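Taking it in order: structure first as C-alpha coordinates, then the write-up.
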Amino acid sequence: MSAPPPEDLVKHWESEQARLRQQVVEEDTEEWQTSPDFSGLERVGGVDLSFIKGDDVNACAQLVVLSYPDLEVLYEDSQMVTLTAPYIAGFLAFRETPFLLEALQRLKRNQPRLLPQVVFVDGNGLFHYREFGLACHLGVLSGLPCVGVAKNLLQVQGVYKSEEHQSQIAALQKGGDSFPLAAASGKVLGKALRSSDKSSKPVYVSIGHKISVDTAVHLTHSCCRYRVPEPIRQADFRSREYLRTHFPAADT
DNA sequence: GCGACAG
DNA sequence: ATCTTGTCGC
(Lines give C-alpha, C1' and ligand atoms only; values in the text may rest on other atoms or scores of the structure.)
Protein backbone atom coordinates (compact mmCIF):
# COMPACT_ATOMS: atom_id res chain seq x y z
CA MET A 1 0.00 0.00 0.00
CA SER A 2 1.40 3.40 -0.95
CA ALA A 3 0.31 6.80 0.30
CA PRO A 4 -2.61 8.16 -1.69
CA PRO A 5 -2.03 11.32 -3.73
CA PRO A 6 -2.83 14.58 -1.88
CA GLU A 7 -6.08 15.06 -3.80
CA ASP A 8 -7.45 11.69 -2.80
CA LEU A 9 -6.19 12.25 0.71
CA VAL A 10 -8.16 15.48 0.98
CA LYS A 11 -11.26 13.80 -0.39
CA HIS A 12 -10.90 11.10 2.21
CA TRP A 13 -10.41 13.67 4.95
CA GLU A 14 -13.49 15.59 3.86
CA SER A 15 -15.70 12.54 4.07
CA GLU A 16 -14.18 11.68 7.42
CA GLN A 17 -15.04 15.14 8.74
CA ALA A 18 -18.57 14.84 7.39
CA ARG A 19 -19.01 11.52 9.14
CA LEU A 20 -17.65 12.65 12.52
CA ARG A 21 -19.47 15.99 12.29
CA GLN A 22 -22.73 14.16 13.01
CA GLN A 23 -21.43 13.10 16.39
CA VAL A 24 -20.77 16.59 17.71
CA VAL A 25 -22.91 17.51 20.70
CA GLU A 26 -23.56 21.24 20.62
CA GLU A 27 -25.21 21.52 24.02
CA ASP A 28 -24.13 21.51 27.65
CA THR A 29 -24.01 17.96 28.91
CA GLU A 30 -22.21 18.34 32.24
CA GLU A 31 -23.63 19.34 35.60
CA TRP A 32 -21.03 22.04 36.25
CA GLN A 33 -21.91 23.77 32.99
CA THR A 34 -25.36 24.65 34.32
CA SER A 35 -23.98 26.49 37.34
CA PRO A 36 -23.36 30.25 36.94
CA ASP A 37 -20.00 29.97 38.70
CA PHE A 38 -19.20 26.52 37.32
CA SER A 39 -19.25 24.94 40.77
CA GLY A 40 -18.22 21.32 40.36
CA LEU A 41 -15.56 22.21 37.82
CA GLU A 42 -12.14 21.42 39.26
CA ARG A 43 -9.86 20.61 36.34
CA VAL A 44 -9.42 22.28 32.95
CA GLY A 45 -7.02 20.97 30.33
CA GLY A 46 -4.99 22.60 27.60
CA VAL A 47 -3.21 21.06 24.61
CA ASP A 48 -0.71 22.32 22.05
CA LEU A 49 2.08 21.32 19.71
CA SER A 50 5.35 23.25 19.32
CA PHE A 51 7.90 22.86 16.56
CA ILE A 52 11.61 23.41 16.14
CA LYS A 53 12.42 26.23 13.71
CA GLY A 54 13.17 24.48 10.43
CA ASP A 55 11.47 21.19 11.24
CA ASP A 56 7.79 20.61 10.61
CA VAL A 57 7.91 16.88 11.32
CA ASN A 58 9.27 16.60 14.84
CA ALA A 59 7.26 18.37 17.51
CA CYS A 60 6.53 18.46 21.21
CA ALA A 61 2.99 17.45 22.08
CA GLN A 62 1.84 19.05 25.30
CA LEU A 63 -1.00 18.41 27.73
CA VAL A 64 -1.49 20.38 30.89
CA VAL A 65 -4.24 20.20 33.49
CA LEU A 66 -4.94 23.22 35.66
CA SER A 67 -7.05 23.55 38.78
CA TYR A 68 -10.23 25.58 38.56
CA PRO A 69 -10.79 28.34 39.49
CA ASP A 70 -7.21 28.91 40.70
CA LEU A 71 -5.61 27.90 37.40
CA GLU A 72 -2.62 26.24 39.06
CA VAL A 73 -0.80 23.52 37.09
CA LEU A 74 -1.70 20.06 38.42
CA TYR A 75 -0.27 17.96 35.64
CA GLU A 76 2.11 18.35 32.73
CA ASP A 77 3.11 15.99 29.94
CA SER A 78 5.63 16.79 27.20
CA GLN A 79 6.22 14.19 24.52
CA MET A 80 8.28 14.38 21.35
CA VAL A 81 6.31 13.07 18.38
CA THR A 82 6.83 12.58 14.66
CA LEU A 83 4.09 14.05 12.52
CA THR A 84 3.13 12.37 9.29
CA ALA A 85 0.30 14.48 7.88
CA PRO A 86 1.01 17.82 6.20
CA TYR A 87 -0.61 21.03 7.36
CA ILE A 88 -3.49 21.92 5.08
CA ALA A 89 -5.84 24.71 6.12
CA GLY A 90 -9.11 23.12 7.14
CA PHE A 91 -7.52 19.80 8.02
CA LEU A 92 -5.35 20.70 10.98
CA ALA A 93 -6.91 17.93 13.05
CA PHE A 94 -5.50 15.17 10.89
CA ARG A 95 -2.04 16.48 11.66
CA GLU A 96 -2.37 17.06 15.39
CA THR A 97 -5.21 15.03 16.88
CA PRO A 98 -3.47 11.63 17.03
CA PHE A 99 -0.81 12.97 19.37
CA LEU A 100 -3.18 14.97 21.55
CA LEU A 101 -5.32 11.84 21.95
CA GLU A 102 -2.25 9.84 22.93
CA ALA A 103 -1.44 12.36 25.64
CA LEU A 104 -4.98 12.11 27.00
CA GLN A 105 -4.72 8.31 26.93
CA ARG A 106 -1.46 8.38 28.90
CA LEU A 107 -3.10 10.53 31.54
CA LYS A 108 -6.18 8.34 31.66
CA ARG A 109 -4.01 5.28 32.17
CA ASN A 110 -1.56 6.71 34.68
CA GLN A 111 -3.54 9.25 36.69
CA PRO A 112 -7.20 8.95 35.77
CA ARG A 113 -8.24 11.15 38.67
CA LEU A 114 -6.48 14.07 36.98
CA LEU A 115 -8.39 13.85 33.72
CA PRO A 116 -9.67 17.31 32.76
CA GLN A 117 -13.42 17.96 32.68
CA VAL A 118 -13.02 20.20 29.66
CA VAL A 119 -10.14 20.72 27.24
CA PHE A 120 -9.09 24.00 25.62
CA VAL A 121 -7.71 23.60 22.11
CA ASP A 122 -5.77 26.16 20.13
CA GLY A 123 -7.70 26.38 16.91
CA ASN A 124 -11.32 26.41 15.84
CA GLY A 125 -14.18 24.08 16.61
CA LEU A 126 -17.47 24.58 14.78
CA PHE A 127 -16.18 27.83 13.29
CA HIS A 128 -14.67 25.99 10.38
CA TYR A 129 -15.14 25.45 6.63
CA ARG A 130 -17.21 22.34 7.23
CA GLU A 131 -18.10 23.05 10.85
CA PHE A 132 -15.63 20.50 12.13
CA GLY A 133 -12.36 22.03 13.25
CA LEU A 134 -9.66 20.62 15.52
CA ALA A 135 -11.62 21.21 18.73
CA CYS A 136 -14.59 19.20 17.41
CA HIS A 137 -12.33 16.46 16.12
CA LEU A 138 -10.54 16.04 19.45
CA GLY A 139 -13.82 16.30 21.31
CA VAL A 140 -15.59 13.59 19.35
CA LEU A 141 -12.65 11.20 19.39
CA SER A 142 -11.91 11.70 23.09
CA GLY A 143 -15.48 12.04 24.26
CA LEU A 144 -14.46 15.02 26.40
CA PRO A 145 -16.05 18.47 26.36
CA CYS A 146 -13.78 20.72 24.25
CA VAL A 147 -13.55 24.43 23.48
CA GLY A 148 -11.73 25.86 20.48
CA VAL A 149 -9.91 29.18 20.83
CA ALA A 150 -8.27 30.66 17.74
CA LYS A 151 -5.96 33.65 17.93
CA ASN A 152 -6.70 34.70 14.37
CA LEU A 153 -9.96 35.03 12.50
CA LEU A 154 -10.57 32.37 9.92
CA GLN A 155 -12.44 34.08 7.11
CA VAL A 156 -15.05 31.52 6.40
CA GLN A 157 -18.79 30.84 6.47
CA GLY A 158 -19.48 34.39 5.33
CA VAL A 159 -17.47 35.99 8.12
CA TYR A 160 -14.91 38.52 6.90
CA LYS A 161 -12.62 41.16 8.29
CA SER A 162 -15.01 43.81 7.02
CA GLU A 163 -15.44 47.36 8.24
CA GLU A 164 -18.42 46.08 10.15
CA HIS A 165 -16.33 43.37 11.77
CA GLN A 166 -13.68 45.92 12.75
CA SER A 167 -16.24 48.21 14.31
CA GLN A 168 -17.72 45.31 16.25
CA ILE A 169 -14.25 44.63 17.65
CA ALA A 170 -13.87 48.28 18.56
CA ALA A 171 -17.16 48.06 20.41
CA LEU A 172 -15.85 45.37 22.77
CA GLN A 173 -15.25 47.55 25.81
CA LYS A 174 -14.25 45.22 28.61
CA GLY A 175 -13.14 41.69 29.26
CA GLY A 176 -16.05 39.33 28.69
CA ASP A 177 -17.65 41.38 25.94
CA SER A 178 -18.32 39.45 22.75
CA PHE A 179 -20.22 39.39 19.49
CA PRO A 180 -21.43 36.43 17.43
CA LEU A 181 -19.78 34.98 14.37
CA ALA A 182 -22.73 33.90 12.28
CA ALA A 183 -22.75 31.79 9.15
CA ALA A 184 -24.61 32.97 6.09
CA SER A 185 -27.45 30.77 7.29
CA GLY A 186 -27.66 32.80 10.47
CA LYS A 187 -26.38 30.06 12.71
CA VAL A 188 -23.93 31.27 15.36
CA LEU A 189 -20.76 29.25 14.87
CA GLY A 190 -18.73 31.02 17.49
CA LYS A 191 -18.02 34.36 19.14
CA ALA A 192 -15.29 36.97 19.10
CA LEU A 193 -14.37 37.54 22.74
CA ARG A 194 -12.43 40.31 24.41
CA SER A 195 -10.72 37.95 26.84
CA SER A 196 -9.31 40.57 29.19
CA ASP A 197 -9.65 44.28 29.82
CA LYS A 198 -6.14 44.89 28.52
CA SER A 199 -6.20 43.04 25.20
CA SER A 200 -8.02 44.91 22.46
CA LYS A 201 -7.48 42.06 20.01
CA PRO A 202 -10.16 39.41 20.58
CA VAL A 203 -9.85 35.63 20.51
CA TYR A 204 -12.30 33.54 18.52
CA VAL A 205 -14.20 30.99 20.56
CA SER A 206 -16.22 28.13 19.12
CA ILE A 207 -17.45 24.93 20.63
CA GLY A 208 -15.70 21.67 20.11
CA HIS A 209 -17.99 19.15 21.78
CA LYS A 210 -20.38 18.73 24.70
CA ILE A 211 -20.74 22.42 25.57
CA SER A 212 -22.87 25.33 24.35
CA VAL A 213 -21.41 28.44 22.71
CA ASP A 214 -22.40 30.75 25.54
CA THR A 215 -21.00 28.43 28.19
CA ALA A 216 -17.80 28.11 26.16
CA VAL A 217 -17.43 31.88 25.94
CA HIS A 218 -18.14 32.40 29.63
CA LEU A 219 -15.73 29.63 30.61
CA THR A 220 -13.03 30.93 28.32
CA HIS A 221 -13.28 34.37 29.85
CA SER A 222 -13.06 32.91 33.34
CA CYS A 223 -9.84 31.10 32.41
CA CYS A 224 -8.04 34.18 31.07
CA ARG A 225 -5.34 35.93 33.02
CA TYR A 226 -4.01 37.31 29.75
CA ARG A 227 -5.33 37.28 26.20
CA VAL A 228 -4.91 33.54 25.64
CA PRO A 229 -6.74 31.30 28.12
CA GLU A 230 -4.32 29.95 30.73
CA PRO A 231 -4.57 26.25 29.82
CA ILE A 232 -3.51 26.92 26.23
CA ARG A 233 -0.97 29.51 27.29
CA GLN A 234 0.67 27.08 29.71
CA ALA A 235 0.66 24.26 27.18
CA ASP A 236 2.31 26.54 24.63
CA PHE A 237 4.87 27.88 27.08
CA ARG A 238 5.84 24.51 28.48
CA SER A 239 6.15 22.77 25.14
CA ARG A 240 8.44 25.52 23.90
CA GLU A 241 10.45 25.32 27.10
CA TYR A 242 10.81 21.58 26.55
CA LEU A 243 12.22 22.14 23.06
CA ARG A 244 14.59 24.82 24.37
CA THR A 245 16.10 22.56 27.00
CA HIS A 246 16.17 19.35 24.98
CA PHE A 247 17.10 20.76 21.60
CA PRO A 248 19.51 23.70 21.98
CA ALA A 249 20.68 25.62 18.89
CA ALA A 250 20.73 23.00 16.14
CA ASP A 251 23.49 24.90 14.35
CA THR A 252 26.91 23.68 13.27
C1' DG B 1 -3.63 37.00 -11.53
C1' DC B 2 -4.93 38.16 -6.54
C1' DG B 3 -5.95 37.21 -1.91
C1' DA B 4 -6.69 33.72 1.83
C1' DC B 5 -4.74 30.12 4.27
C1' DA B 6 -6.78 27.79 12.44
C1' DG B 7 -1.59 25.73 13.73
C1' DA C 1 4.01 26.68 13.66
C1' DT C 2 8.73 29.52 13.23
C1' DC C 3 12.22 33.45 11.91
C1' DT C 4 13.22 37.79 16.37
C1' DT C 5 14.98 42.72 20.60
C1' DG C 6 14.08 46.37 21.81
C1' DT C 7 10.90 49.68 22.45
C1' DC C 8 6.92 52.82 22.98
C1' DG C 9 3.07 53.32 26.09
C1' DC C 10 -0.19 52.75 30.16
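Because the structure is predicted, anything quoted here is derived from the model rather than measured. Chain identifiers are assigned alphabetically (A, B, ...) following the order of the sequence lines, protein sequences preceding nucleic acid strands; residue numbering begins at 1 within each chain.
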Rounded to the nearest Å, what distance is computed from the [atom1] atom of residue [X] to the [atom2] atom of nucleotide [N]?
{"X": "A/Glu96", "N": "C/dA1", "atom1": "CD", "atom2": "P", "value": "9 Å"}
{"X": "A/Tyr160", "N": "B/dA6", "atom1": "OH", "atom2": "P", "value": "15 Å"}
{"X": "A/His128", "N": "B/dC5", "atom1": "NE2", "atom2": "C1'", "value": "12 Å"}
{"X": "A/Asn124", "N": "B/dC5", "atom1": "CG", "atom2": "P", "value": "11 Å"}
{"X": "A/Lys161", "N": "B/dA6", "atom1": "NZ", "atom2": "P", "value": "9 Å"}
{"X": "A/Leu49", "N": "B/dG7", "atom1": "CG", "atom2": "P", "value": "13 Å"}
{"X": "A/Ile88", "N": "C/dA1", "atom1": "CD1", "atom2": "P", "value": "18 Å"}
{"X": "A/Phe94", "N": "C/dA1", "atom1": "CZ", "atom2": "P", "value": "21 Å"}

Exercise. For DNA chain C, produce a single dot-bracket line, 5' to 3'. Pairs: Watson-Crick or G-U wobble, both distances under 3.5 Å. Symbols: ( ) within strand, [ ] crossing, | other strand, . unpaired.
Key: ..........
Mind checking [X] for me? I need base, sugar-phosphate or nothing, with any heavy atom below 4.0 Å counting as a touch.
{"X": "A/Asn152", "answer": "sugar-phosphate"}
{"X": "A/Tyr129", "answer": "sugar-phosphate"}
{"X": "A/Asp48", "answer": "sugar-phosphate"}
{"X": "A/Lys151", "answer": "sugar-phosphate"}
{"X": "A/Leu153", "answer": "sugar-phosphate"}
{"X": "A/Gly90", "answer": "base"}

Quiz prompt | A/Arg238 and A/Asp48 ion-paired at < 4.0 Å | solution = no
Practice problem: State whether A/Asp177 and A/Lys174 are salt-bridged, where the test is any N-O pair (Lys NZ or Arg NE/NH1/NH2 against Asp/Glu carboxylate O) under 4.0 Å. | Solution: yes
Quiz item: Roughly how far apart are A/Phe247 CZ and A/Lys53 NZ, rounded to 0.5 Å?
Solution: 13.0 Å
Exercise. Identify the residue among A/Ser78, A/Ser239, A/Ser50 that makes a side chain to side chain donor-acceptor pair (under 3.5 Å) with A/Gln62.
Key: A/Ser78
Exercise. Please check the phosphate of C/dA1 (OP1 and OP2 only) for any side-chain N or O of A/Tyr87 closer than 4.0 Å.
Key: no
Quiz item: Counting only side-chain N and O atoms of A/Arg240, is one of them less than 4.0 Å from OP1 or OP2 of C/dT2?
Solution: yes
Self-check item: Identified stems (criterion: three or more consecutive Watson-Crick or G-U pairs, under 3.5 Å), DNA chain B
Solution: none
Quiz prompt | Expected output: side-chain A/Gln234 to main-chain A/Pro231 donor-acceptor under 3.5 Å | solution = no
Quiz item: Between A/Glu96 (side chain) and A/Ala61 (backbone), is there a donor-acceptor pair under 3.5 Å?
Solution: no
Per [X] side chain, nearest of listed nucleotides [options]:
{"X": "A/Leu92", "options": "C/dT2, B/dA4, B/dG7", "answer": "B/dG7"}
{"X": "A/Ser50", "options": "C/dT2, B/dG7, B/dA6", "answer": "C/dT2"}
{"X": "A/Asp122", "options": "B/dG7, B/dA6, B/dA4", "answer": "B/dG7"}
{"X": "A/Phe51", "options": "B/dA6, B/dC5, C/dA1", "answer": "C/dA1"}

Exercise. Indicate, with yes or no, if the rings of A/Phe132 and A/His137 have centres closer together than 6.0 Å.
Key: yes
Practice problem: Given side-chain contact (heavy atoms from CB on, under 4.5 Å), test A/Lys191 with A/Phe127 step by step and report yes or no. | Solution: CA-CA 9 Å; A/Lys191 291 195 173 184; A/Phe127 188 58; over 6 Å; no
Quiz item: What pair of heavy atoms forms the shortest contact from A/Asn124 to A/Ala150, and how long is it?
Solution: OD1-CB, 3.3 Å
Quiz item: Under 4.5 Å between any side-chain heavy atoms of A/Arg227 and A/Ser195, yes or no?
Solution: yes
